[in-house]
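Below: the structure, in structure tokens.
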Amino acid sequence: MSEELAWTQEKKARFQEDLLTWYHLEKRDLPWRESTDPYRVWVSEIMLQQTQVVTVIPYFNRFMEWFPTIEELANANEDKLLKAWEGLGYYSRVRNMQHAAKEIVETFDGKMPSNIVDILSLKGIGPYTGGAIGSIAFSLPEPAIDGNVMRVYSRLFCLSDDIALPKTRKVFDKYVRETMSQTEPGDFNQALMDLGATICTPTKPSCQTCPIKNYCEAYKTDMTSSYPVKKKKEKAKPLYYVANILKNDNGAFLLEKRPSDGLLADMWTFPMKEVTKEEYDGLSQAYDTVETSTKMVAEQLSLYDDEKESIKDKQLLGIVTHIFSHRKWHILVVADTLSVSADNCLNNQEWVYLDEFSQYVFPKPQQKMVDILKKSMNN
DNA sequence: AATGCGGGGGG
DNA sequence: CCCCCAGCATT
């Protein structure tokens with residue numbers, strides 16, 4: 001699969017020099033690069049997992065204001081913590097980070113440990129993040145292999161291993177470990193990330209301006225478009241829902257807290273009921289036609305069996321679609337046109353006024369539903 | 001090794 | 001509509 005690494009020591013040194021020189025001239029000016037404080041490096045690297053730089057910047061700045069030290073992160077209120085991450089996705093990242101912060105306070109005197117074994121022992125810190133923290137904050141000669149680095153190295157050495165496979169990371173680990181700077185590992189790793197983000201891009205890489213093109217096997221053979229090799233992922237499975245917007249006599253809306261495990265754990269949404277594709281199609285048809293169908297709709301819907309008597313009229317406000325990694329949600333957003341009484345909600349539910357919504361943590365699909373609700377109220 | 005876990009951008 | 005971007009925990 002992979003060819004032998006046959007670079008001389010001299011070639012490795014020139015390669016590192018060329019890459020580092022480029023980085024020192026061209027590196028992006030990013031808030032977390034103002035210092036190499038381990039906590040700032042840690043927060044930024046966790047946020048940057050599966051998330052683009054432009055998205056992370058405002059979240060990072062606010063997070064450092066809200067939780068300036070590891071100790072304050074360890075003691076942070078859970079709702080505020082989740083609020084700091086709202087909209088960023090992969091919410092277990094921030095839960096794991098607080099878990100690790102508590103470990104650091106209890107076991108490591110409140111300071112990020114400076115050896116790679118202890119760094120990697122912390123919850124939420126795997127090989128990539130551990131290498132990034134170790135190299136940037138503590139100058140440890142550890143690789144930090146993310147998707148950018150695998151793309152760069154797959155082209156550099158024409159490595160055909162499928163980067164979607166877990167075992168492939170070990171192949172790249174060997175190559176990066178053998179070619180990386182031992183004196184400036186942090187800058188070397190960040191240079192690779194910047195190169196992957198700005199020059200050695202997934203499509204149409206800017207090879208002419210690449211500082212290491214003369215070392216690149218794929219560039220020499222005009223094969224950059226063949227790398228990296230990556231297995232295609234499965235399509236998102238469609239799921240269908242009806243979200244019910246209920247307003248009580250006081251004008252508050254019913255929100256529901258999702259379970260503590262699984263997708264969007266502990267976050268708030270309008271109550272949602274999963275339906276089959278056939279029910280979904282039937283309902284959207286019914287809503288689209290006439291009022292005479294509303295009774296049928298109410299019967300089919302049966303969102304709240306207890307209150308079925310009160311479901312007299314419903315209105316389709318809009319449709320929300322949202323794509324996750326493996327699922328695609330199709331949501332009919334439905335409002336009751338008649339108020340219901342202000343008592344009577346389940347343990348995981350609350351009646352909330354619109355101007356209080358900002359105090360609740362909403363995932364993106366819910367934010368889209370709120371937008372639809374607000375728009376309908378302006379009409 | 002396979003799966004679950006969000007959300008963004010561009011063509 | 002399609003495509004691309006992906007670490008870590010869990011099992």
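Remember, predicted model here, so these are calculated numbers, not experimental data. Lettering of chains follows the sequences in order, A, B, ..., and the numbering in each one begins at 1.
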Would you list the atom pairs, donor with acceptor, under 3.5 Å between side chains in residues 192-206 of chain A and any protein atom, with sequence neighbours excluded?
unit_1, atom_1, unit_2, atom_2, d
A:Asp194, OD1, A:Arg28, NE, 3.1
A:Asp194, OD1, A:Arg28, NH2, 2.7
A:Asp194, OD1, A:Arg33, NH2, 2.8
A:Asp194, OD2, A:Arg28, N, 3.2
A:Asp194, OD2, A:Arg33, NH1, 3.0
A:Thr198, OG1, A:Asp194, O, 2.8
A:Thr201, OG1, A:Thr203, O, 3.0
A:Thr201, OG1, A:Lys204, O, 3.4

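Of the two residues near DNA chain B, A:Lys204 and A:Phe324, the one whose nearest nucleotide lies more 5' is A:Phe324. Mapped onto DNA chain B by nearest heavy atom, A:Leu88 and A:Leu165 fall at different nucleotides, with A:Leu165 at the one closer to the 5' end.
When every heavy atom of A:Leu239 is checked against every heavy atom of A:Glu274, the shortest pair comes out as CD2-OE2, 3.4 Å.
Nearest to the side chain of A:Leu263, among C:dC5, B:dG6, C:dC8, sits B:dG6.
A ring-centre distance under 6.0 Å is not found for A:Tyr59 and A:Trp85.
Distance CD (A:Glu86) to P (B:dG8): 12 Å, rounded to an integer number of Å. Rounded to whole angstrom, the span from the CD1 atom of A:Ile133 across to the C1' atom of C:dG7 amounts to 13 Å.
Annotation: C:dA6 and B:dA2 have their C1' atoms spaced 15 Å apart (nearest Å). Nucleotides B:dG6 and C:dT11 are separated by 16 Å at their P atoms, to the nearest Å.
The aromatic rings of A:Phe15 and A:Tyr215 sit perpendicular, their planes meeting at an angle over 60°, well past the 30° parallel limit.
Pairing partner, C:dC8: B:dG4, with both Watson-Crick or wobble hydrogen-bond distances short of 3.5 Å.
For B:dG8, its base never sits under 3.5 Å from the side chain of A:Thr55 at any donor and acceptor pair. For C:dA6, the base has a donor-acceptor partner in the side chain of A:Tyr90 [N/O atoms by modelled type, under 3.5 angstrom].
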